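Read through the structure below, which is laid out as structure tokens, and then see the notes.
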Amino acid sequence: KEKVEINREQRALMKAIVDAYNRHQIPQDVAKKLLQDQYSPEENFLLLTEMATSQVQVLVEFTKNIPGFLSLDREDQIALLKGSAVEAMFLRSAQVFSRKMPTGHTDVLEERVRKSGIPDEFMTPMFNFYKSIGELHMVQEEQAILTAITILTPDRPYVKDPQAVERLQETMLDVLRKLCVLQHPQEQQYFARLLGRLTELRTLSHYHSEMLASWRMNDHKFTPLLCEIWDVQ
Ligand SMILES: O=C(c1ccccc1)c1ccc(-c2nc3ccccc3n2[C@H](C(=O)NC2CCCCC2)C2CCCCC2)cc1
């Protein structure tokens, strides 16, 4: 059995990413809001666009703190952010949903999300994803590094130098692999299961563009930032 250890450089990298991940939290807690009150579909859509808009701003700040990201080609930096924003939103939503809450709160939260006005055909894949993330019981280091790995996906549209992105992503993947072995020694395949969630996440974000199309017919307003990121309007 190989002795797995995180070297000093990897520990520094992990600290930088976790600090950035914790520093750039969503300003107000959407779960608390949803647990407090039942909203109309219009109010929920507004809440969603507000949360998603502030999450994109938070994502940009977090991404700037990923070591090496700012040395990538600037247009590639934009392409990576644009290509990962929806996935990062669902990953963060899954983490919000899977957070330890007092008994019964998760059921109420699930009910509120199910009744929020989002078309039904989208609910099953979305909650399957949320529950599969919850079952992993990720520690915050794993959540932060998994988000960084999602952002540093080399095969996003319009990336000119995928090799440079791949080098950064591989550094993160190596740290995550070691972390998984150290945090979940009993589960041999934990790291593989974690990466499998990223495949599920990409599928979910494909639904998302179709979701937007259906929403567009109902002529909902998006913020300028979301128009940019979500390719709408
Ligand atoms: O399908 C979605 C979508 C989004 C945009 C276009 C098309 C589809 C789409 C996207 C997120 C969620 C979603 N799943 C959640 C799980 C738990 C708690 C809240 C959740 N939300 C939404 C939310 O605010 N998410 C935040 C979380 C922090 C990071 C930014 C996002 C609310 C918004 C109020 C109404 C009910 C859901 C649910 C659905």
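We count ligands from 1, going down the list as the structure has it; atoms in each ligand are counted the same way. Note that the structure is predicted; figures quoted are calculated from it, not measured.
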Would you kindly specify which portion of [X] sits under 4.0 Å from ligand 1, judged on non-hydrogen atoms: side chain, backbone, both or neither?
X: N44; result: both
X: L48; result: both
X: W230; result: side chain
X: F45; result: neither
X: R112; result: neither

Do [X] and [Y] share a hydrophobic cluster, counting only Ile, Leu, Val, Met, Phe, Trp and Tyr and linking them when any side-chain heavy atoms are less than 4.5 Å apart?
X: L80; Y: Y158; value: no
X: L35; Y: L46; value: no
X: M14; Y: V4; value: yes

Original post:
Is Y130 in contact with ligand 1, taking contact as a heavy-atom separation below 4.0 Å?
Top reply: yes

Exercise for the section: Please confirm whether F90 comes under 4.0 Å of ligand 1, counting heavy atoms of the residue only. Expected result: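 Yes, that is the case, since the closest heavy atom of the residue is under 4.0 Å from the ligand.
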
What atoms in ligand 1 come closer than 4.0 Å to a heavy atom of [X]?
X: V30; result: 19 (C), 24 (O), 27 (C)
X: S116; result: 35 (C), 36 (C)
X: M89; result: 4 (C), 10 (C), 31 (C)
X: F122; result: 1 (O), 2 (C)
X: M126; result: 38 (C), 39 (C)
X: R92; result: 28 (C), 29 (C)
X: I118; result: 38 (C), 39 (C)

* Would you say the side chains of R156 and S84 form a donor-acceptor pair under 3.5 Å? -> no

Pairing donors with acceptors under 3.5 angstrom, does anything connect the side chains of Q10 and K178?
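The answer is yes; a qualifying pair exists.
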
- Are side-chain heavy atoms of I145 and L13 found at a separation under 4.5 Å?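 No, too far: nothing below the 4.5 Å cut-off.
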
field: Close side-chain approach of L59 to I151, heavy-atom, < 4.5 Å
entry: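 Yes - at least one pair of side-chain heavy atoms lies under 4.5 Å apart.
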
_Looking at F90, I'd like to know if the NZ or CZ of R197 sits under 6.0 Å from its six-membered ring centre while staying within 45 degrees of the ring's axis._
no

Give the ring-plane orientation class for Y190 versus H184, where under 30° counts as parallel, over 60° as perpendicular and anything between as tilted.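 Y190 vs H184 ring planes: parallel.
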
